[in-house]
> 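Provided herewith is a single structure, encoded as structure tokens, for subsequent inquiry.
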Amino acid sequence: MKKFKEKLSGRVFFALALSSISALALITVFIIVQGVPIIAEVGFVNFIFGMSWAPSHGEYGIFPMIIGSVTVTLGAAILGVPVGLCCAIFLSEFAPARLRNLFRPAIQLLAGIPSVVYGFWGLLFIVPFIRNVLGGPGLSILAGAVILAIMILPTVISISEVSILALPRQYKEGALALGLTHWQTIRSVILPSAKSGIVAAVILGVGRAIGETMAVIMVLGNAVAVPTSILDPVRTLTTNIGIEMGYASGPHRQALFATGIVLFVIIMALNSTAQYITRKK
């Protein structure tokens, strides 16, 4: 009877795990089936590197949106990663227990706030601030980068802190015994030793940023054009799908699914890179 229960529980868990993988496989197949025909019709080069997105005229170039996604995500990483890493170092090395117990739930709360709330906050505060201080329309790459930088903080902070805390205590004790100061120990021993986990945190944070939709729809301005300044409005791959999927049909709808294929490949590549770096270390 005991062996039967063990086998039954194992099969139940296997079925649940298989259902998750099957759902991912079905989503992947559905997106590919819907999107590949329009790529074949337009041409891969014309679709990826085309400069014009005008579905009513049969033009489906997504290069400006790829540039928009890259610039906004890169801006979010430049703004968010240093702050997140500093917070992780503070929580793991400097903060007293009472302060850590206060900060960690607050960081987790950041991850639980709906993205539309971030977008609404950015629309009310970040966009007017940029417009009044730096000029331009306010709806811009910079506004999107600031919002996404805040949104990736929980990922970067949590994974980086865990990576630092997972290091053997002897690393720190040995460095201090050799005469290094606390900061020298962090800079020369702890951070290099936790590098793989920190890099994985950054990559996962970037994946979170590049896949965000609702918050950036509200603050980017959604102009289909290659930007020349961080104060220019842009449209990302995700916002293009979110804005137009509600009324698209025929080849236009297929082009949006094809856009999803490109986004899917980018995010899968980022996640695979993070897993590879972590497992290699």
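This structure is a prediction, so every number in the text was calculated from the model and none was measured.
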> Starting from the C-alpha separation in whole Å, work towards a yes-or-no answer on side-chain contact (heavy atoms from CB on, under 4.5 Å) for Ile67 and Val234.
CA-CA 9 Å; Ile67 296 298; Val234 293; over 6 Å; no

> Roughly how far, to the nearest 0.5 Å, is the CE atom of Met65 from the CG atom of Asn222?
11.0 Å

> Is the backbone of Gly136 close enough, under 3.5 Å, to the side chain of Arg131 for a donor and an acceptor to pair up by distance?
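It does not hold such a pair.
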
> I want to check something: taking the side chain as every heavy atom from C-beta on, are Pro251 and Tyr60 in contact at a cut-off of under 4.5 Å?
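SC-SC contact between Pro251 and Tyr60 confirmed.
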
> Looking at Thr236, is its backbone amide N or carbonyl O close enough to the side chain of Asn240 to form a donor-acceptor pair, meaning the two atoms are under 3.5 Å apart?
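The answer is no, because no donor-acceptor pair under 3.5 Å joins these two groups.
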
> Got a second to check how far Ser52's OG is from Asn46's CG, nearest 0.5 Å?
11.0 Å

> Flag the pair Met151 / Ile147 as yes when at least one side-chain heavy-atom distance between them is below 4.5 Å, and no otherwise.
yes

> Say whether, by atom type as modelled, one donor and one acceptor occur between the side chain of Thr71 and the main chain of Gly68 under 3.5 angstrom.
yes

> Quick check against the 3.5 Å criterion: does Ser140 have a side-chain atom that pairs as donor or acceptor with the backbone of Gly138?
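Yes: the side chain of Ser140 pairs with the backbone of Gly138.
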
> Please report the shortest heavy-atom distance between Gly197 and Ser163, naming the atom on each side.
CA-OG, 3.2 Å

> In terms of relative ring orientation, are Phe257 and Phe30 parallel, tilted or perpendicular, with 30° and 60° separating the classes?
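Correct class here is perpendicular.
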
> Among side-chain atoms of Ser115 and Glu212, is any donor-acceptor pair under 3.5 angstrom?
yes

> Are the side chains of Val206 and Ile152 in contact, using a 4.5 Å heavy-atom criterion?
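No; the side chains remain at least 4.5 Å from each other.
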
> Would you say Ser22 and Ser19 are linked by a side-chain donor-acceptor pair, where the criterion is simply a distance under 3.5 Å?
no

> So Thr238 and Ile217, side-chain contact (heavy atoms from CB on, under 4.5 Å) or not? Walk me through it.
CA-CA 9 Å; Thr238 54; Ile217 281 180; over 6 Å; no

> Looking at Met268, I'd like to know if its CE atom is crowded, meaning that more than 12 non-hydrogen atoms belonging to other residues, nucleotides or ligands lie closer than 6.0 Å.
no

> Out of curiosity, Leu167 CG to Lys172 NZ, how far, rounded to the nearest 0.5 Å?
11.0 Å

> Got Leu256 and Arg253 here, is their nearest side-chain heavy-atom distance under 4.5 Å?
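Not in contact.
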
> Of all heavy-atom pairs between Ala111 and Pro154, which one has the smallest distance, and what is that distance?
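Minimum heavy-atom separation between Ala111 and Pro154: N-CG, 3.6 Å.
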
> Looking at every non-hydrogen atom in both residues, tell me the closest pair between Val127 and Pro137 and how far apart they are.
CG1-O, 4.2 Å

> For the residue pair Trp53 / Glu244, report whether a side-chain donor-acceptor contact shorter than 3.5 Å exists.
yes

> With the 4.5 Å side-chain cut-off for hydrophobic clustering, are Ile267 and Ile62 part of the same group?
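Yes, because Ile267 and Ile62 connect within a single hydrophobic cluster, where side-chain heavy atoms sit under 4.5 Å apart.
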
> Any side-chain heavy-atom pair from Phe129 and Leu124 closer than 4.5 angstrom?
no

> Are side-chain heavy atoms of Ile190 and Glu93 found at a separation under 4.5 Å?
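Yes, close enough: below the 4.5 Å cut-off.
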
> Establish, from distance only, whether the side-chain atoms of Asp232 and Thr228 form a donor-acceptor pair under 3.5 Å.
yes

> Group every Ile, Leu, Val, Met, Phe, Trp and Tyr by side-chain heavy-atom contacts under 4.5 Å, then state whether Val133 and Ile126 land in the same group.
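Yes, Val133 and Ile126 fall within the same hydrophobic cluster.
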
> Which pair of non-hydrogen atoms, one from Leu91 and one from Ala95, has the smallest distance, and what is that distance?
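Here Leu91 and Ala95 meet closest at CA-CB, 4.0 Å.
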
> Measure from the side-chain N and O atoms of Ser69 to the backbone N and O of Leu237, and report whether any donor-acceptor pair falls under 3.5 Å.
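Between the backbone of Leu237 and the side chain of Ser69 there is a qualifying donor-acceptor contact (under 3.5 Å).
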
> Within the structure provided, determine whether Leu123 and Leu139 are in side-chain contact (heavy-atom separation under 4.5 Å).
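Sidechains of Leu139 and Leu123: in contact.
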
> Do the side chains of Ile39 and Val45 join up, straight or via other hydrophobic residues, at under 4.5 Å, putting them in one cluster?
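Shared cluster, yes.
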
> Hey, is the main chain of Thr181 close enough, under 3.5 Å, to the side chain of Gln184 for a donor-acceptor pair?
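Side chain of Gln184 to backbone of Thr181: a pair is present.
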
> Indicate, with yes or no, if Val162 and Leu165 share a hydrophobic cluster defined by side-chain heavy-atom contacts under 4.5 Å among Ile, Leu, Val, Met, Phe, Trp and Tyr.
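Not linked; separate clusters.
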
> Looking at Arg235, is its backbone amide N or carbonyl O close enough to the side chain of Thr239 to form a donor-acceptor pair, meaning the two atoms are under 3.5 Å apart?
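Checked: no pair found.
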
> To the closest 0.5 Å, what do you measure between CG (Leu180) and CG (Leu176)?
7.5 Å

> Give the intermediate values and the outcome of side-chain contact (heavy atoms from CB on, under 4.5 Å) for residues Leu99 and Phe90.
CA-CA 10 Å; Leu99 201 57; Phe90 172 74; 3.5 Å; yes

> Specify the closest pair of heavy atoms between Ile38 and Gln254, including all atoms of both residues, with the distance to one decimal.
CG2-O, 3.5 Å

> Restricting to non-hydrogen atoms, name the atom on Ile31 and the atom on Gly260 that form the minimum distance, rounded to 0.1 Å.
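Smallest heavy-atom distance, with atoms named: CG2-C, 4.3 Å.
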
> Quick one: do Leu74 and Val262 end up in the same hydrophobic cluster if we chain Ile, Leu, Val, Met, Phe, Trp and Tyr together by side-chain heavy atoms under 4.5 Å apart?
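Not linked; separate clusters.
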
> When rounded to the nearest 0.5 angstrom, what is the spacing between CG in Leu204 and CD1 in Ile159?
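Rounded to the nearest 0.5 Å, the CG-CD1 separation comes out at 4.5 Å.
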
> Calculate, to the nearest 0.5 Å, the distance between atoms CH2 and OG belonging to Trp183 and Ser188 respectively.
9.0 Å

> List the steps, then state whether side-chain contact (heavy atoms from CB on, under 4.5 Å) holds for His182 with Phe94.
CA-CA 10 Å; His182 194 181; Phe94 295 101; 3.7 Å; yes

> Out of Val156, Ile157, Thr155, which residue meets the side-chain contact (heavy atoms from CB on, under 4.5 Å) rule with Leu153?
Ile157

> Are Ile241 and Thr213 close enough that some pair of their side-chain heavy atoms sits under 4.5 Å apart?
no

